[in-house]
Amino acid sequence: SSTVPSISSTSSTSSSPPPSSEKRHSIRDGVVTPPSSDQEKRESGALSLLQRTKLVNLKKKNQVKGKEETASSSLPQEKMDVQKLQESMREDWYKLQQANKKLVASNTELDMEMQKQPFSTRVTVGLSLIGNSLIAGAKFYAYTRTGHSAMFSEAIHTLVDVGNQAILGYGLLEAERVPDKQHQYGYGRAAFFYSLVTALSTFGFGAVYTGYEGIHTLMHPPEELASAPEAWAILGIGLVVDGFVLRTALKNTRIRAKQAGVTTWQWITAFKDPFTVAVVFEDSAAVLGVCAAGIGIGLTQYTGNPVFDGIASLVISGLLGTVSWRLIQMNRSFILGRPVDDDELKSIRRMLKQRQSVDEVHSEQSQWIGPSMFTYKAEVDFDGTWLAAQLYEQYKPVFATAAEKGPKSLEAELLWLLPAFAEDVTRVLEREVKYLQESVRRTHPEASYVEIVPDSSQTPYMALETFIRKNASRLVEKYQIETMIGHPTHEEHEEHFNLGTFYLGMGQFEKSAEQFRRCLDLRVDLLGEKSEGVVAVLERLGFVLLQLDESSTALQHLARALGTVHTTSSLSPLLVASIHMNYGLALLEKNQPQTASSHLEEALAIRERELDPLDSSVLATMLALGDAYSRTKTKRLFALKYYEEVRNRRVQLFGEPHKQVMDLDRKLAKTCYFAGLPRKSLEYAEKYANAMEKLKEGEIDKTDVYSAWESVGDLALQLGMPRKARDMFSKAMAMPMDSDNQAQNNRIAQKIAETHRMLGTGGYRRR
């Protein structure tokens, strides 16, 4: 690495200026300079003994400081050659500017392959255009021979399809244009625009006109309709051609849906390719339209009644209207800016948070900008400890060497060391941002524009102040960086386990899972599958995966741990209890409450034997058991038993009112209601509302209290208790509410009026 010379001014050793004539002591750079000796002699007579003593001591201190400054100035210092420095920096800045220009140019170039539509799309649109062009004229010829309005509607339908396919073909070319200064994200949205144009033309020229033709036929039926055999032949050819095009489009759709891992209908409704979807919809309507026209013409010729002809035209109009309206809705959502599906965003977020450099991902924004392109932007809280670890080995000897030369030398070296360190931290962060952006593009090829913005909720604060103030923060950072820069040893699995536990406590589940996975691989090799260390990490990994909604994977790891539990009796009882607990929770996620309850009962038995009855682990297990039993209709009374026991113990711990007690009141009210105990449900619901009302202002939203009293009133009405219901509704009305909640007040006023009518006590005036 290149060294940067320290630059100091040659005027640093110049003598201090003469003292001010207006003040006895001049202050410069924080040093008090006493008056000159002549001045001191003139004024010494006026000074007291104490003042003269202070003056002598001040002079001695300044003499000592002057010696230190002389010693420091005697250190060898590099003089600055301004001309050479300017020439050198001018060349460096020129190279930097050229590099930045290349970077800007490369960022404006988009991979052409991402703009190209699949070959199957071109084939589908081309076949549809050729097929409809061939049969459009034939259908008009058949209409001139027969005069059937259904045949005319089909001819109009096919002619509109020809125009639509031509528009789609032009839109396909437009959507593949390269981004430019006017359209920096490309022309991908042109696909949705031209698809919208075709939908509007289908509705305007197809549905409206054929509907008019059908109504006209019904109101003014033709006196005579001819029968031409070639009309049936043309309808048959049209059915074959439209069917072939539709079959080809559906085949391509199924292939692409399989590649995306979704069903054909899911792929169509996702609208990733508006050209193919438009062809599928329009040709489906064409096939059904030919069938409707054939049935209408056949019935008309068989019965001699032209009403069937008009009805067939209306059916065709309805098909065209339905297709066009559906396409309009789908295109509208993408033109306005449809976001990426939640599952895809969740996948990107999880991938980012698995990276050790990332603490949190927030403020995500996404938008489809083309059939196969979307933009993704996220603000990322980067881990400063990880950034420091990347530079630790490089800067450690540099700082150590500067410190060995003494404080003055270190102070001089810091003038260039700190800027260099800050610049390198910035560059490490820039490289990490680029790596994350490339990772998103690699795992999600449709993410053509990815923007990762470093940002954090702690931006207004300085980490140094926190570390100086809190010893715990310093210890945590020291431990993390020692682990990150440490070399692999036989005890490395302990470091991964501790880091995983640390990240778990911070709620960074993705990073925690990654550390536990590494620990698991190492412990299996070092300790063996049946060891307690492996079982412990399997239990922790299963718990973390549950937090990440990966219950299937969690069950696999916890099942491995249970296998060891069944074959080994030397494991810690509390570890066994945790395995049963997490396994039961995973089964609950899979909607298997009966099997889950047996594992939770086992966990509760162990924890009640080993721990205090008021321990949070015991209460959490009882609460989970209540949740499991509440999902089984025949076991809801067992759920009530556990809920009531947890409530009683929480009252011992926290007293009333308390949010944790209130949560149990709400659970009990709901469970009692479904267990067929409405009066007991009313009792707990009233307790819940009373507790909410007693909480301090700011701890709870008044709207929630309002809703709680309303729910109690509704329940009282169901039980045939209008007087109690009236009292509960009145408590809700007594809550101070904003003017925006006038609709709620009106609703409650109506309910109070209803209770008065039931009680025969007259009406209720709304406030």
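Just so it is clear, the structure is predicted and the values come from calculations on it, not from any experiment.
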### Task
List the steps, then state whether side-chain hydrogen bond (donor to acceptor under 3.5 Å, both in side chains) holds for R607 with S617.
CA-CA 7 Å; R607 286 179 171 176; S617 298; 4.7 Å; no
### Task
Check step by step if side-chain contact (heavy atoms from CB on, under 4.5 Å) holds for L541 and R517.
CA-CA 7 Å; L541 183 55; R517 287 191 184 98; 4.1 Å; yes
### Query
When you look at S552 and K590, which way does the side-chain contact (heavy atoms from CB on, under 4.5 Å) test go after all the steps?
CA-CA 8 Å; S552 298; K590 290 293 185 180; 2.5 Å; yes
### Query
Stepwise, does the side-chain contact (heavy atoms from CB on, under 4.5 Å) test hold for E589 with L585?
CA-CA 6 Å; E589 291 292 326; L585 292 175; 5.9 Å; no
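With rounding to the nearest 0.5 angstrom, the CG atom of L558 is 10.5 Å from the OG atom of S578. Interatomic distance, E602 CD to I579 CD1, rounded to the nearest 0.5 Å: 11.5 Å. Atoms CD and NE2, on Q515 and H493 in that order, are 14.0 Å from each other to the nearest 0.5 Å. Rounding to the nearest 0.5 Å places CZ of F502 at 8.5 Å from NZ of K511. Rounding to the nearest 0.5 Å places CZ of F334 at 10.5 Å from CD of Q367.
In this structure, the side chains of F509 and L545 stay at 4.5 Å or more apart for every pair of heavy atoms. The shortest side-chain heavy-atom distance between V428 and L391 falls under the 4.5 Å cut-off. With a 4.5 Å cut-off on side-chain heavy atoms, S363 and D455 do not count as touching. The shortest side-chain heavy-atom distance between L562 and Y583 falls under the 4.5 Å cut-off. Between V358 and D381, the closest side-chain pair of non-hydrogen atoms is not below 4.5 Å. Side-chain contact between T375 and E451 is absent, with no heavy-atom pair separated by less than 4.5 Å. For the pair Q356 and D383, the minimum side-chain heavy-atom distance is 4.5 Å or more. Side chains of I452 and L352 form a contact here, defined as non-hydrogen atoms less than 4.5 Å apart.
Counted within 6.0 Å of CD on E411, heavy atoms from surrounding residues, nucleotides or ligands total 12 or fewer; the atom is thus considered open. Taking a 6.0 Å sphere around CZ of F654, one finds it holds more than 12 heavy atoms contributed by other residues, nucleotides or ligands.
In this structure, R441 fails the cation-pi test against Y376, since its NZ or CZ atom is not both closer than 6.0 Å to the six-membered ring centre and inside 45 degrees of the ring normal. Both tests hold for R177 against Y187: distance to the six-membered ring centre under 6.0 Å, angle to the ring axis within 45°.
Checked by atom type and distance alone, the side chain of D612 pairs as donor or acceptor with a backbone atom of L614 at under 3.5 Å. A donor-acceptor contact shorter than 3.5 Å links the side chain of S366 to the backbone of V340. The backbone N or O of V565 sits nowhere less than 3.5 Å from a side-chain atom of T568 that would complete a donor-acceptor pair. E550 contributes no side-chain N or O that, together with a main-chain N or O of L546, makes up a donor-acceptor pair within less than 3.5 Å. With hydrogens and angles ignored, the 3.5 Å screen pairs no side-chain donor or acceptor of S512 with any backbone N or O of Q508.
Taking all atoms of both residues into account, the shortest heavy-atom contact from I606 to P573 is CG2-O, 3.3 Å. L555 approaches A586 most closely through the heavy-atom pair CD2-CB, 3.4 Å.
Contact check on K346 versus D549 returns a salt bridge, with a Lys/Arg side-chain nitrogen under 4.0 Å from an Asp/Glu carboxylate oxygen. Of the charged side-chain nitrogens involved, at least one lies within less than 4.0 Å of a carboxylate oxygen, so that E494 and R523 count as a salt-bridged pair. Under the 4.0 Å criterion applied to side-chain N and carboxylate O atoms, R349 and E510 are not assigned as salt-bridge partners. Look at E430 and K434 and you find no salt bridge, because none of the NZ, NE, NH1 or NH2 atoms lies under 4.0 Å from a carboxylate O. By the 4.0 Å N-to-carboxylate-O rule, R355 lies close enough to E432 to be salt-bridged with it. No salt bridge links K377 with E364; every basic N to acidic carboxylate O contact stays at or beyond 4.0 Å.
The distance between the ring centers of Y185 and Y449 falls below 6.0 angstrom.
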